[in-house]
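The structure appears right after this line, and notes come after that.
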Amino acid sequence: MARVDRPAGEPVVPRVPAGRRRAAMAASGLLLVALCGLCAAWGRAVLDSDAMWAAVLATAAVLPAAGTLHARVRHHGVGRLRLDGTVLSGRTPLGAHGVDLARVTAVSVGRDEDTGRLVTVGLSDPGGHVVVPWSQLEALPEAAEVRRLLLDRQQRLALALPRLLCEAWDVPARPDALPHGSPRPRDGFERVVGALTAVGSVAAIAAGALLVS
């Protein structure tokens with residue numbers, strides 16, 4: 001069960017325990033590296049054979065799914081959003097997780113560079129962070145309340161909303177606003193796992209292809 005973060009006088013905010021997230025981050029990273037090696041080895045082994053297309057299709061399905069899982073664990077990617085008072089929460093692969101919009105200190109956005117559309121919004125408060133799909137956030141029945149709460153934080157000078165988000169909401173941006181907002185803080189463990197997963201994936205692909213050549 002997710003830990004509940006509740007400072008005195010503050011609303012209940014569900015949080016995934018840090019230890020569980022770190023273990024899942026390492027495990028999903030290792031899974032991604034292993035799958036990269038296996039898919040590369042399989043593809044090299046069946047090259048120019050009738051099984052080549054099966055390997056291509058399987059790789060196209062498995063690797064993006066493993067990468068998405070690893071990313072959702074690392075970034076607390078949530079779905080099935082709900083707003084309870086000022087607490088925005090949703091489901092992650094590890095359980096319920098959320099932030100208190102009345103205490104948010106940083107907001108960032110991700111954009112599809114091909115279409116120019118926003119795809120994600122990152123929200124950080126003193127106790128944690130979430131990354132939510134822009135489409136789900138806008139589809140919330142309480143979307144106007146979410147917007148009001150974040151604009152209130154900006155008016156209180158607690159944060160500067162990303163310039164791209166202000167454009168999407170058609171509201172003025174602060175002079176010091178960055179296009180994509182403020183990046184969330186990342187601990188040393190996350191940085192190390194991210195780097196090892198990236199390097200390990202490339203090495204596994206090369207090794208898998210060479211071992212069966």
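Hydrogens, waters and symmetry mates play no part in the numbers below; they use all other heavy atoms, side chains included. Index from 1, following the sequence. Source: prediction; values computed, not measured.
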Is there any side chain to side chain donor-acceptor pair (under 3.5 Å) pair reaching into residues 27-39, and which pairs are they, with sequence neighbours excluded? S28-H70

Contacts of type salt bridge (charged side-chain N to carboxylate O under 4.0 Å, His left out), residue R21, not counting sequence neighbours: E190

CG on L101 to CG on D125, rounded to 0.5 Å: 8.5 Å

Pairs where residues 154-163 contributes a residue and the test salt bridge (charged side-chain N to carboxylate O under 4.0 Å, His left out) is met, not counting sequence neighbours: D152-R156

Between OG on residue S108 and NE2 on residue H129, distance to nearest 0.5 Å: 9.5 Å

Hey, can you pull the donor-acceptor pairs under 3.5 Å for the side chains in residues 47-54, sequence neighbours left out?
from : atom 1 : to  : atom 2 : distance (Å)
S49  : OG     : V46 : O      : 2.6
S49  : OG     : A51 : N      : 3.3

Mind checking whether W42 and I205 sit in one hydrophobic cluster, side chains of I, L, V, M, F, W, Y counted as touching below 4.5 Å? no

Quick one: hydrophobic cluster around L178, which other residues, with the 4.5 Å side-chain cut-off, linked directly or via members? none

Across all chains, not counting sequence neighbours, the salt bridge (charged side-chain N to carboxylate O under 4.0 Å, His left out) partners of D187 are R22

The remaining residues in the hydrophobic cluster of L196, counting side-chain heavy-atom contacts under 4.5 Å among Ile, Leu, Val, Met, Phe, Trp and Tyr, are V192

Would you check, one step at a time, whether the test side-chain contact (heavy atoms from CB on, under 4.5 Å) holds for R15 with V99? CA-CA 8 Å; R15 310 277 193 192; V99 293; 4.0 Å; yes

Separation of L118 CG from E167 CD (nearest 0.5 Å): 9.0 Å

Would you please classify the geometry between the H76 ring and the H97 ring as parallel, tilted or perpendicular, with 30° and 60° separating the classes? parallel

Please name all residues satisfying salt bridge (charged side-chain N to carboxylate O under 4.0 Å, His left out) with D176, sequence neighbours left out, ordered by chain then number. R174

Closest non-hydrogen atom pair, L149 against G85: CD1-O, 4.3 Å

Within the side chain of Q154, is there an N or O that forms a donor-acceptor pair under 3.5 Å with the backbone of A160? no

Distance (rounded to the nearest 0.5 Å) between W169 CH2 and L151 CG: 6.0 Å

Are V132 and V104 linked, directly or through other ILVMFWY residues, by side chains that come within less than 4.5 angstrom of each other? yes

Distance, nearest 0.5 Å, that separates CG of D100 from OG1 of T86: 3.5 Å

Interatomic spacing from CG in L35 to OG1 in T59 - rounded to 0.5 Å: 9.5 Å

Any chain of hydrophobic side-chain contacts (each under 4.5 Å) joining W134 to L81? yes

Just distance, no hydrogens or angles: give the donor-acceptor pairs under 3.5 Å from side chains in residues 87-95, sequence neighbours left out.
from : atom 1 : to  : atom 2 : distance (Å)
T92  : OG1    : L94 : N      : 3.0
T92  : OG1    : G95 : N      : 3.2
T92  : OG1    : G95 : O      : 2.8

Quick one: which residue pairs count as a salt bridge (charged side-chain N to carboxylate O under 4.0 Å, His left out) with a foot in residues 136-146, not counting sequence neighbours? E145-R148

Mind checking salt bridge (charged side-chain N to carboxylate O under 4.0 Å, His left out) for R153 and listing every partner two or more places apart, or none if nothing turns up? none

With sequence neighbours excluded, tell me which residues meet side-chain hydrogen bond (donor to acceptor under 3.5 Å, both in side chains) with H75. R184

Are L83 and V13 co-members of a hydrophobic cluster defined by side-chain heavy atoms under 4.5 Å apart? no

Side-chain heavy atoms under 4.5 angstrom apart, residues restricted to Ile, Leu, Val, Met, Phe, Trp, Tyr: same cluster for V146 and V171? yes

Quick check: closest heavy atoms across L159 and T105, and the distance to 0.1 Å? CB-O, 3.6 Å

